[in-house]
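Here's the structure we're looking at; comments come further down.
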Amino acid sequence: MDRARLLLIGVTAIAVAACEKVPIVDINAGFSLADVAWFEEEDTLFVFYQANAEQGLGPESQIELTVRTDHFELPWTPLSQLSTVHTHVPADCGPKSVCGSTSLALSESPRDVRLRLRYHRAGEMTMNAPVALNIIGRGPAHTNRSLLVYGVFDETNTHVQWRARHQFPTLRNHEVQKYGLRRHFSIADRRHGAIAANFGANPYGYGSVPGCPGALPPLDFGPVETTARAVFDVGTLPLSASESPIVCARATVTDAKRGTFEAVALARKNPQVRPAFPLLRSPITENTPIKFMLSPCRRTISPPHYKMQEQRLFLEDAPEICIDDWNARGFADELSVRLRAKIDEVRMQGRDMVLVLGLHHDDTTGRLGNVLEEALQKVLPFERDKSSPRVTGAFVYDSMARTVGRPELRRLVLWCPPNLLVDDLDDVPAAASSTCPAVSTRPDIELGPFRFNQLPILTTRTQYLRFIEKYSDGQAGRMTAMSFRAPEHTPLSENIPVGEFGTATFYNNELITADPGDAFSYCPEADQRKIVFRIPGTPTPLGLESLPELHQSAPQPAYALGLFWDFPFLLKANYESSVAGAVTAYGFSVPFGIVNSNEETWASQLWTTGEFPVGNILAQCTRFCDHPTFDTSVTYNVHAPFRDAYRMQCYRPLFPRPGDGGFPNDP
């Protein structure tokens, strides 16, 4: 043995040459894997190993094995000199590692198994491994053999991919493959139909029945065989097999006991899934504004504020309704008659309408607002449920802040200005919530010294006059456009109140039909629009997220679909303000209900389309719903049947395809 080779003794090396001292060098040598498993059902001993060192490993390094049983002893022997039961290809674990596997025929249980690394086949330097020995005794094929075979289907459920899965106590399927073990298996005698197998205890169904029942129709496919982990079958399932949930085959694998072992392998079809409903269509159209200016005729309150209200709502040419006698008996009735007459006149144009009312007054008692609410109560609830053309609601721009008092009107009337209890807009908190929230379509808008909610867009008279006193009328800005959008109603449409402001609308008998054995998958992240459903005899709308569980526990033959609206119409407007001589133009929307002024609104996006996808939110399984599923990584999740696993998560599977290789993602 030469002195240079002495550097590799154990994890350190010492070289002594002519009384000269050489420092100890740590080469970080050791075994990271030394796993041995003996399968009694196969009379086979499997060895997996990986040795690492910073230096000294090379083509001349070798792994040696010794085995002792009650009646046999194998002396230290290089693995390369032993005959193997299975195919083992060279494994590459990097330039500083030696790794691989082997399989030996061994007919009785080992009592002692040892591994060691010899750095050079002609040298004496070795390193012993801490061996993990597992003994797997007799038992069912799906638990007590080193390999099981099962089948999966492609997306069309017409092509079967047969797979081999390694089963070792301390190593995963892909790790066994990494260390070079390759198994040969073949498939023959396929039949299709239904088989009563216990998939709970044996999820892959390997060896679950003694043989494929002869009563099942045969498939005229020739045999297939491979040493890869997967292979697609040679044929396509015929149309007659469309309703068959399973393909049964005879799988043959090699071992050391009898040379081969046969067992039933099963392929279960993927759940047959479709969109529960493709999309809801509800045309959303621009409404015709019916405009009135309600103000005293016999006296003047505030010309600047009056002109601002006119400009904001484009009421310059609108009819004026005198409210000097608003406190007189019957005034609300007279006002409602006036409103209905104009509605009936405009209805002939064939478009949905919205009442746009400017309310200019100085009543601080709130009674005038009550009178206007009484008049609107006589008009709007009867219009809401009509088929188009109808009045979708009312927009009231008051001189003072007010909260709508009548519960039924809260989901029909947008009453502005905001209920901000300040007289100076400079004191409005940045995160103030509002019953009349103007939400900018440009969250990053630059408005000089002002925030968006500090501009007098829709303000009280006191706030407006204070603003123009401090700054100027020019900086108060002006409205340049205003529109109202709402969904059309069919003669079958039905509105159901939800909460204080919302309404669920069921439009045109859109239904999801289902059999009791069907199953549903709800995708939360896709539900950007609140789609609702209801069941016969129960008018209360429910969110789609509850449909999968409801159908599982109390299946219904049909579910009516509708849309939930936070507000009956959407006000969209364009506005421009002049700050320091620079004109800034932007758009905003006014959602219905109470909204934080800092919140971004998704309303404007939803109100610009008449189509609301359902298929990417709710999936419906109509057949094979209790079968395992693939996920987005093409991993076969044998313990994740569609019915149980996907009630509250997205079903977005990817399937194996012919020609995509024989190395499936099967950890």
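- Residues Leu280 and Tyr507 form no side-chain contact, since every pair of their non-hydrogen atoms from C-beta on lies 4.5 Å or further apart.
- Shown here for Pro641 and Thr629, the closest heavy-atom pair between the two residues is C-CG2, 4.2 Å.
- Summarising the local packing, NZ of Lys307 is surrounded by 12 or fewer heavy atoms from other residues, nucleotides or ligands at distances under 6.0 Å.
- Looking only at side-chain heavy atoms (C-beta outward), Asp154 and Arg657 stay at 4.5 Å or farther from each other.
- Side-chain atoms of Asp385 and His489 include no donor-acceptor pair closer than 3.5 Å.
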For Phe277 and Leu618, what are the C-alpha separation, side-chain angles and deciding distance, and is it a side-chain contact (heavy atoms from CB on, under 4.5 Å)? CA-CA 8 Å; Phe277 197 91; Leu618 192 70; over 6 Å; no
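- The CG atom of Leu561 lies 11.0 Å from the CG atom of Asn509; values are rounded to the nearest 0.5 Å.
- Under the salt bridge (charged side-chain N to carboxylate O under 4.0 Å, His left out) criterion, Asp666 pairs with Arg165, not counting sequence neighbours.
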Go through Asp426 and Lys470 one step at a time and tell me if the side-chain contact (heavy atoms from CB on, under 4.5 Å) criterion holds. CA-CA 10 Å; Asp426 289 349; Lys470 290 179 63 175; 2.4 Å; yes
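- Considering CZ of Arg411 and CG of Leu380, their distance stands at 13.0 Å, rounded to 0.5 Å.
- Here the side chains of Arg312 and Tyr575 are in contact, with some heavy-atom distance below 4.5 Å.
- Ring-plane geometry between Phe395 and Phe484 is classed as tilted, the angle between the planes lying from 30 to 60 degrees on a 0 to 90 degree scale.
- In this structure the side chain of Pro628 never reaches within 4.5 angstrom of the side chain of Asn637, judged on heavy atoms.
- Looking at heavy atoms from C-beta onward, Ser589 lies in side-chain contact with Leu570 at the 4.5 angstrom threshold.
- Using bins of under 30°, 30° to 60° and over 60° for the plane-to-plane angle, the ring pair Tyr306/His360 lands in the perpendicular bin.
- Pro304 has its side chain within reach of Leu465: a pair of non-hydrogen atoms, C-beta onward, lies under 4.5 Å apart.
- In this structure, Arg534 is positioned above the aromatic face of Phe506, its NZ or CZ under 6.0 Å from the six-membered ring centre and within 45° of the axis.
- Contact between Tyr559 and Ala554 at its shortest, heavy atoms only, is OH-O, 4.3 Å.
- Only one option out of Gln309, His361, Arg461 pairs with Asp398 in a side-chain hydrogen bond (donor to acceptor under 3.5 Å, both in side chains); it is His361.
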Using side-chain contact (heavy atoms from CB on, under 4.5 Å), reason through Met353 and Arg347 one step at a time and then give a plain yes or no. CA-CA 8 Å; Met353 300 154 280; Arg347 197 190 310 272; 4.0 Å; yes
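- The side-chain heavy atoms of Tyr522 and Ser546, taken from C-beta on, include no pair separated by under 4.5 Å.
- Taking the side chain as every heavy atom from C-beta outward, Leu359 and Trp415 approach each other to under 4.5 Å.
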For Asp362 and Arg299: C-alpha separation, side-chain torsions, deciding distance, then whether salt bridge (Lys or Arg N to Asp or Glu O under 4.0 Å) applies. CA-CA 11 Å; Asp362 55 2; Arg299 63 189 181 93; 2.8 Å; yes
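- Pro417 approaches Ala401 most closely through the heavy-atom pair CG-N, 4.0 Å.
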Could you check Leu563 against Phe612 for side-chain contact (heavy atoms from CB on, under 4.5 Å), going step by step and ending with a plain yes or no? CA-CA 9 Å; Leu563 292 170; Phe612 303 92; 3.5 Å; yes
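- When all heavy atoms are compared, the tightest approach of Pro516 to Pro555 is CA-CB, 3.9 Å.
- The residue from Val413, Leu294, Ile323 that alone fulfils the side chain to side chain contact (heavy atoms under 4.5 Å, CB included) condition with Leu372 is Leu294.
- Contacts classified as disulfide bond (SG atoms under 2.5 Å apart) and involving residues 324-425 (residues at least two apart or in different chains) are given here: Cys416-Cys436.
- Between Cys625 and Pro271, the shortest heavy-atom contact is CA-CB, 4.5 Å.
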Might you work through the salt bridge (Lys or Arg N to Asp or Glu O under 4.0 Å) test for Asp515 and Arg623, ending with a clear yes or no? CA-CA 10 Å; Asp515 292 330; Arg623 196 156 57 180; over 6 Å; no
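- The distance between the ring centers of Phe467 and Phe450 falls below 6.0 angstrom.
- Contact between Leu335 and Ala375 at its shortest, heavy atoms only, is CD2-CB, 3.7 Å.
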